[in-house]
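As the structure lists them, so they are numbered: ligands from 1, and atoms in each ligand from 1. Just so you know, these numbers come straight off a predicted model, no measurement behind them. Counting from 1, the numbers follow the sequence of the chain as shown.
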Amino acid sequence: MIIHKFGGGILKTPEAVGQLADILRGSSRPALVVVSALSKMTNAFEKVARLWFGGQDTEQEMQLIRGFHFDMACRLFGDPDAAWGRYLKQIFASVQDLLLGTPLQPFDRAYDQVVCYGELLSSALLQTYFEENGLDHICLDAREMIVTDTIYRDGGVDWLETVRKIKEEREKTKEDVLILTQGFIGRAPNGDTVTLGREGSDYSAAIFAYCLDAEDVWIWKDVPGILNADPTEFTDTVKLDELSYHEVIELAYFGAKVIHPKTIKPLQNKTIPLWVRDFWHPEGTGTRISDLKVVPPTGPVFIRKANQVLISFQPRDFSFIVEGTISEIFAQLAKFRIKVNLMQHGAVSLTICVTADMDRVNSLIQSMLPKFRILYNSDLELVTIRRYTPEAIARMTQGKRIMVQQLSRKTARFVLA
Ligand code: ASP
Ligand code: MG
């Protein structure tokens, strides 16, 4: 079995839906297809969730979302009075029902119940396309298969239950039928939808691969494979043909947008190779990620993470930063689910660089203020260079103010203003 994952980055136009179907028709192995929300629809639903939670009107944003889906569907299927139109309207009616009710608490829970509709709509649209174009398939709700805890917006997978449920669903399907499902979403035992973290559809693909002992996972993107830098920022990128699981975990951890960081572990555990392939040129070789022991040498790899804040904590009582203080700070970070992208400490100050998720960052700062003096810089970027050279460092730091720098044997990291 093979797992295909198609992300919103490529699913933007009717042509892309056709291309997706062509790719699936060309594959002779039994396949499971994971789709994420179309285009930028997750961002749009995020806005809706915020408005709803803030007691504001969601209609304008919902109109945009409806417009996008109906426009795409009309271009694919024609007359909206046909069955597909009723199907989409039914899904939008359930969103509307939800939004008419009082917002759920806390915000992260409300968020997940709204934002999941991006994936539910994209899979409904593809389901219709497959039906209209004679692609024999079944569409399964990922929430009936992926069982999570109630860490909303960052769901943890209950592996035992998930393996059981996915195998159970698989046994009910015909051996060679195409299975269509959503990425990014699962369900907690209390019945709530729980999302797996932004860009989490890659992780969903890995979960299905693990549970079904798939032979391969193919993640389709609008680039030829994994590149040594983001092609929207660099003109001279090169494709990396082969990478080890380990290297990709490092790259993802440092903020490369290649693959969701949680994706690799389940695949590594069962040595299932992951391919990143070129959606518009499926004949290309892509990048293969596997259990490589000897990694082929490449030049520097550049990763830029924008939207960073640097926060320094200084104990108000002038005590030193020792193990106790550090664990106190980290307990609060864990409480507010803030991930540290880089840290450094001296005698009387600990500095962390985190992504500017301001709801969380502000809560953290409020909770720390009684005991710590807090210094704060925003609008920063975190640059990581794997296998750095002096030229590579100069290229990335020129004309910028270096706020923090860390060099290890393989990796150079800079927080830049
Ligand atoms: N649609 C979700 C997001 O944009 C999940 C994904 O794309 O992987 O974050
Ligand atoms: Mg997406």
Taking only non-hydrogen atoms of Glu119 and a 4.0 Å limit, the atoms of ligand 1 in range are 1 (N), 2 (C), 5 (C)
Quick check with a 6.0 Å cut-off and a 45 degree axis cone: is Arg395 positioned over the face of Phe302's six-membered ring?
yes
For Val34, is there any backbone N or O sitting under 3.5 Å from a side-chain donor or acceptor partner on Thr181?
no
So which bit of Ser36 gets within less than 4.0 Å of ligand 1, heavy atoms only: side chain, backbone, both or neither?
side chain
Checking Trp52 side chain against Gly101 main chain: does a donor-acceptor pair fall under 3.5 Å?
yes
So is Gly200 in contact with ligand 1, going by heavy-atom distances below 4.0 Å?
yes
Any idea which atoms of ligand 1 are less than 4.0 Å away from a heavy-atom of Ala37?
1 (N)
Is the closest N or O pair between Asp202 and ligand 1 shorter than 3.5 Å?
no
Find all atoms of ligand 1 within a distance of less than 4.0 Å from any non-hydrogen atom belonging to Arg198, and give their numbers and elements.
3 (C), 4 (O), 9 (O)
Mind telling me whether Phe70 and Trp84 have parallel, tilted or perpendicular rings, with 30° and 60° as the class edges?
tilted
Look only at the side chain of Lys270 and the backbone of Tyr210, and say whether a donor-acceptor pair between them is shorter than 3.5 Å.
yes
If you measure only the distance, is there a donor-acceptor pair under 3.5 Å linking the side chains of Tyr152 and Asp192?
yes
Would you check the N or O atoms of Lys5, main chain and side chain alike, for any that come under 3.5 Å of an N or O of ligand 1?
no
